[in-house]
Amino acid sequence: MYENMNFPYMNNKKVRNIKKELLSDNWYKLEKLTFEYQRDDGSWETQSREAYDRGNGAAILLYNKKNKTVILTRQFRMPTYINGNDSGMMIEVCAGLLDGDHPEDCIKKETEEETGYKLEKVEKVFESYMSPGSVTEILYFFIGSYEEKMKIGEGGGAEEETENIEVLELDFEKAMEMIHTGEIKDAKTIMLLQYAKINGLFSIN
């Protein structure tokens, strides 16, 4: 069943008559979107795309400036396993879906669940559409300073979510090198590590 879409923030006058059809609601929502798009010559053509809506998320790079270290995680990712990742294991920054929470509240909660560190202060540095051709998700990127005294648990992720997360504390330059060696291939992790490098997060003031 098709449903017409009309959102107030849609203001591109070259797009009209958007209709959506629900294809799957098994985990998150996969929808087929049919719409008319105005070409440069003024004519209108009908196009269709599929969009996966899993909600928005947040990610954070935990860093210790004094020790020049970062906290990352390692866990199994099935989609990578069926697309060339021999072990299916991925090294990533801490991240999670908002599930209705404010991005800052979400990332503090995810940090505690995944790494065991309780952060009082985080800083949003940018936001990004991670796969704009097929996924609706906006990811909010944060950085947060950590110290050993902030660790209140073992981490590992929420038990009911069967995440089985391993917590890694790595030298920052080692983490950067792991991008070049291919040990780190996760986009959000590469983006935050490069942000830290470009902005001199570990430089001495």
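A quick note: this is a predicted structure, and the numbers were derived from the prediction, not measured.
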Per the salt bridge (Lys or Arg N to Asp or Glu O under 4.0 Å) rule, which among K13, R16, K14 passes with E36? R16
Between the side chain of N85 and the main-chain N/O of M89, is any donor-acceptor distance below 3.5 Å? yes
For A175 and V70 the tightest heavy-atom approach is CB-CG2, 4.1 Å
Minimum heavy-atom separation for I107 and T111, please, with both atom names. O-OG1, 2.6 Å
Apply the test side chain to side chain contact (heavy atoms under 4.5 Å, CB included) to residues L192 and F141: give CA-CA distance (whole Å), side-chain angles for both, the deciding distance (0.1 Å), then the verdict. CA-CA 7 Å; L192 277 171; F141 289 80; 3.6 Å; yes
Using a 3.5 Å distance criterion without hydrogens, assess whether the side chain of N199 forms a donor-acceptor pair with backbone atoms of Y195. yes
d(L193 CG, E177 CD) to nearest 0.5 Å is 12.5 Å
Test N26 against S24 for side-chain hydrogen bond (donor to acceptor under 3.5 Å, both in side chains), laying out the working first. CA-CA 6 Å; N26 186 44; S24 175; 5.6 Å; no
Find out whether R49 and F35 are in side-chain contact, i.e. whether some heavy atom of one side chain is under 4.5 Å from a heavy atom of the other. yes
So K19 and E31, side chain to side chain contact (heavy atoms under 4.5 Å, CB included) or not? Walk me through it. CA-CA 10 Å; K19 299 177 181 179; E31 296 175 323; over 6 Å; no
Does K124 come within less than 4.0 Å of E104, counting only side-chain N to carboxylate O? no
Expected output: side-chain K151 to main-chain G153 donor-acceptor under 3.5 Å: yes
For the pair T189 (side chain) and V93 (backbone), establish whether a donor and an acceptor sit closer than 3.5 Å, ignoring hydrogens and angles. yes
Common cluster, L170/I190, ILVMFWY with side-chain heavy-atom separation under 4.5 Å: yes
Just wondering, are more than 12 heavy atoms of other shown residues or ligands nearer than 6.0 Å to OH in Y81? no
D40, CG: over 12 other non-hydrogen atoms inside 6.0 angstrom: no
Full working for side chain to side chain contact (heavy atoms under 4.5 Å, CB included) between F76 and M78: CA-CA 6 Å; F76 179 75; M78 175 56 81; 4.0 Å; yes
Joint cluster assignment, M90 & M176, ILVMFWY side-chain distance < 4.5 Å: no
Run the side chain to side chain contact (heavy atoms under 4.5 Å, CB included) check on L98 and D105 step by step: do they pass? CA-CA 9 Å; L98 301 187; D105 295 331; over 6 Å; no
In terms of side-chain geometry, is the basic nitrogen of E112 or K108 positioned less than 4.0 Å from the acidic oxygen of its partner? no
Do you know the tightest heavy-atom contact between Y63 and I143? CE2-CB, 4.1 Å
Could you grab the distance from atom NZ of K185 to atom CD1 of I179, nearest 0.5 Å is fine? 13.0 Å
Got M130 and V135 here, is their nearest side-chain heavy-atom distance under 4.5 Å? no
Is L30 reachable from Y28 through a run of I, L, V, M, F, W or Y residues, each pair having side-chain heavy atoms under 4.5 Å apart? yes
Under 3.5 Å: donor-acceptor pair, side chain of N64, backbone of Y146: yes
Shortest non-hydrogen contact from G55 to L97? O-CD2, 4.3 Å
Taking atom CD1 of I138 and atom CG of N56, what is their separation to the nearest 0.5 Å? 5.0 Å
Any idea which heavy atoms bring A59 and K188 closest together, and the distance? CB-CD, 4.0 Å
Do any N or O atoms from the side chain of T34 and from the backbone of S48 form a donor-acceptor pair under 3.5 angstrom? no
Do F172 and V125 belong to the same hydrophobic cluster, where Ile, Leu, Val, Met, Phe, Trp and Tyr are linked whenever their side-chain heavy atoms lie under 4.5 Å apart, directly or via other members? yes
Can you tell whether the side chains of R39 and E45 come within less than 4.0 Å, N to carboxylate O? yes
Transitively linked via ILVMFWY side-chain contacts under 4.5 Å: L23 with L33? no
Going from CZ on F142 to SG on C106, what distance comes out if it is rounded to the nearest 0.5 angstrom? 8.0 Å
Could you report the tightest heavy-atom contact between I91 and D186, atom names first, then the distance? O-CB, 3.7 Å
Hey, is K149 close enough to E147 for a salt bridge, meaning N to O under 4.0 Å? yes
How long is the span from the NZ atom in K65 to the OG atom in S203, to the nearest 0.5 Å? 5.0 Å
Find the distance between CE (M178) and CG (L168) and round it off to the nearest 0.5 Å. 7.0 Å
Compare all side-chain heavy atoms of L62 with those of T69 and state whether any distance is below 4.5 angstrom. no
